[in-house]
Each structure stands twice: as C-alpha cells, then as structure tokens.
Amino acid sequence: MILTPALLPKLIAAISETLANHADEVTELDQTIGDGDHLINLQRGIKALTEKEHELIALDWPNAWQKIGMILMSAVGGASGSLYATLFMALSKAAKDQPLSVQNFADNFNLAVEAVKHRGKAEAGEKTLLDVYIPVAQYLNTAAASSITLPEILNTVVAIAITGMEATRDMIATKGRASFLEQRSIGHIDAGAKTAELMISAIVGVIIAELPASE
Ligand code: ADP
Ligand code: MG
C-alpha cells in the first residue's frame, strides 16, 4: 500500500507544516527581492489541495497529479502558480499508464522540469525555483540508473535541494520580479528556491517514514 495517493494527506500536511514553520523567513525573502506574496500564494494552494484531499486519494498518481495541477493553477496565482501547475500537469502527462518506479519517476520528473523551464522561459542559474528542481531532476536520472538504495537517493535529494537553494544567494536574478533589481538581487536567497527546498524536504521526510525499515 506504500507510496500510493493515499499518502497525499500526509504529504500535504507535511508541506503545510514546513511552510508555516518558515513563514516569516520566506516572506522576508520575497519582500527583499520580490513582492512578498510568495508564501501566501503557496499556502492558498495547499489549502485548496487539503479541501480536495478526499477526491485526490481516490485517484491513481497520474490522475492525482493532473488534478493537483489544475487545483494549483486556479488557487495559487503569481508566477509560481502557473509553474507548479505546469510541473504537475506535465508529470501527469508523462506518467500516464506507467507503474510508479524510481526509473519512471526520474524520467517523468525530468520531463516535468523541462516543461517548467519552457513555461518560465528560464534555465539553471537565473535565481529561481528551477535552481532547486533542475539539479534534483538531474540527480534522479543518475541515481535511477545506479544501484543506490531509495533511502540513500532520498537523502541525497534533500542535500542537493539545499545546495541548489543556497546557490541562488550569489546569482543575479534574470527572471521574475527579482530581475528588476539586477545586481542588487545578489546576496539574497530566492524565495521560490527556498520553498522548493522546504517542500522537497517535507516530501522526502514523509516517504522515508513510510518505507519498510529494510529498504
Ligand atoms: P510573483 O513573482 O508573481 O509574485 P510568487 O511570489 O508566487 O510570484 O513566486 C515568485 C517565485 O517564482 C520566484 O522566487 C522564482 O523562484 C519563481 N519564478 C518567477 N519567475 C520565474 C520564471 N520565469 N521561471 C522560473 N521561476 C520563476
Ligand atoms: Mg511574489
């Protein structure tokens, strides 16, 4: 029964908790080089997902991801809303009719991140949430093709997400509102990268707790 959409209420609750615990920090980051609404944008999405939980748990992963994308599209707003909606809808499209496996997830997650790059017209190094998602996707590709165990993969994913988030501090923003500040955007972590890292870490925490001890 592990790693089915029955896990979604726990995943959504863990994300909600970590965002609440880091609310001031995230808002301050987005106030410094953005407009300060990033946290509440995401929290609006999490609230909408919580309200639809009972419908989501009845679906398989591709259909659940599709519905999550649609819910986020209408609830989140801001640049991050359409980017997260794209991430989940592309993940759904890529995963259609496939069983969940590390290899399949890695392939599909890479396609989803490519779709976000396309949507945001952004690449790595532009001081956005993609500076977390791109290295995580690349690592998943490498890890899936190796004999690394799932718990090891998951722990490394967290480390890579943290490194990616930290790396945005020294970047010049060339996409989104922070790009208006040009050089002055240097020295501050991107809010979207911070929340990406927080959400990935929360998801990993829930999955690790679900895995049988032997894995
Ligand atoms: P808005 O910028 O419209 O107020 P949010 O505050 O919710 O939206 O989200 C801002 C975050 O979205 C940024 O911190 C950045 O990580 C991400 N972002 C903004 N524009 C882009 C883009 N073109 N490509 C990728 N990520 C982006
Ligand atoms: Mg904002």
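Remember, it's 1-based here, ligands and their atoms both numbered in the order they're listed. Quick note: numbers below take in every heavy atom, side chains included, and nothing from hydrogens, waters or symmetry partners.
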Asks: Can you tell me if T32 uses its side chain to pair, donor with acceptor, with the backbone of E28 under 3.5 Å?
Replies: yes
Asks: Is ligand 1 under 4.0 Å from a heavy atom in the side chain of D30, in the backbone, in both, or in neither?
Replies: side chain
Asks: Name whichever N, O or S atom of D35 ends up nearest to the Mg ion (ligand 2).
Replies: OD1
Asks: Using a 4.0 Å heavy-atom cut-off, say whether S80 meets ligand 1 through its side chain, its backbone, both or neither.
Replies: both
Asks: Report the atom name of the nearest N/O/S atom of D30 relative to the Mg ion (ligand 2).
Replies: OD2
Asks: Linking I/L/V/M/F/W/Y whenever any side-chain heavy atoms sit under 4.5 Å apart, do L56 and W61 land together?
Replies: yes
Asks: Using side-chain hydrogen bond (donor to acceptor under 3.5 Å, both in side chains) as the criterion, point out the one residue from N155, T149, T156 that pairs with E152.
Replies: T149
Asks: Could you check atom 10 (C) of ligand 1 against the protein and tell me its nearest heavy-atom contact, residue, atom and distance included?
Replies: H38 ND1, 4.0 Å
Asks: So, regarding G120 and ligand 1 (criterion: nitrogen or oxygen to nitrogen or oxygen, under 3.5 Å), is there a contact or not?
Replies: yes
Asks: Which protein non-hydrogen atom lies closest to atom 19 (C) of ligand 1, naming both residue and atom, and how far is it?
Replies: A79 CB, 3.6 Å
Asks: Tell me the protein heavy atom at minimum distance from atom 6 (O) of ligand 1, and give that distance in Å.
Replies: D37 OD1, 3.0 Å
Asks: Just by distance, with hydrogens left out, do E114 and N110 show a side-chain donor and acceptor under 3.5 Å apart?
Replies: no
Asks: Tell me whether V116 shares a hydrophobic cluster with M73, the cluster being built from Ile, Leu, Val, Met, Phe, Trp, Tyr side chains joined at under 4.5 Å.
Replies: no
Asks: Give the residue and atom name of whichever protein heavy atom lies nearest to atom 16 (O) of ligand 1, and the separation in Å to one decimal.
Replies: D190 OD2, 2.6 Å
Asks: Any N or O on N41 sitting closer than 3.5 Å to an N or O of ligand 1?
Replies: yes
Asks: Would you check if the side chain of K194 reaches a backbone N or O of L29 as a donor-acceptor pair within less than 3.5 Å?
Replies: no
Asks: At less than 4.0 angstrom from any non-hydrogen atom of G78, what atoms of ligand 1 do you find?
Replies: 3 (O), 8 (O)
Asks: If you measure from each non-hydrogen atom of T128 to ligand 1, which part falls under 4.0 Å: side chain, backbone, both or neither?
Replies: both
Asks: In terms of hydrophobic clusters joined by side-chain contacts under 4.5 Å, are L83 and M89 together?
Replies: no
Asks: Looking just at side-chain N and O atoms, do N104 and N108 make a donor-acceptor pair shorter than 3.5 Å?
Replies: no
Asks: Is it the case that the side chain of S16 and the backbone of I12 share a donor-acceptor pair, with hydrogens and angles ignored and the cut-off at 3.5 Å?
Replies: no
Asks: Would you mind telling me if ligand 1 is within reach of the side chain of R177, the backbone, both or neither, using heavy atoms under 4.0 Å?
Replies: side chain
Asks: Nearest non-hydrogen atom to atom 18 (N) of ligand 1 belongs to which of L39, T86, L130, L83?
Replies: L83
Asks: Output the list of atoms in ligand 1 that are nearer than 4.0 Å to some heavy atom of G192, sorted by atom number.
Replies: 14 (O), 16 (O)
Asks: Which protein heavy atom lies closest to atom 20 (N) of ligand 1, and at what distance to 0.1 Å?
Replies: G176 CA, 3.5 Å
Asks: Indicate, with yes or no, if I162 and V26 share a hydrophobic cluster defined by side-chain heavy-atom contacts under 4.5 Å among Ile, Leu, Val, Met, Phe, Trp and Tyr.
Replies: yes
Asks: Is ligand 1 under 4.0 Å from a heavy atom in the side chain of V116, in the backbone, in both, or in neither?
Replies: neither
Asks: In terms of ring plane angle, is the pair Y133 and Y84 parallel, tilted or perpendicular, where the classes change at 30° and 60°?
Replies: perpendicular
Asks: Is A122 in polar range of ligand 1, meaning some N or O pair under 3.5 Å apart?
Replies: no
Asks: Does R169 reach the main-chain N or O of I189 with its side chain, forming a donor-acceptor pair under 3.5 Å?
Replies: no
Asks: Restricting to N, O or S atoms, which atom of D37 is closest to the Mg ion (ligand 2)?
Replies: OD1
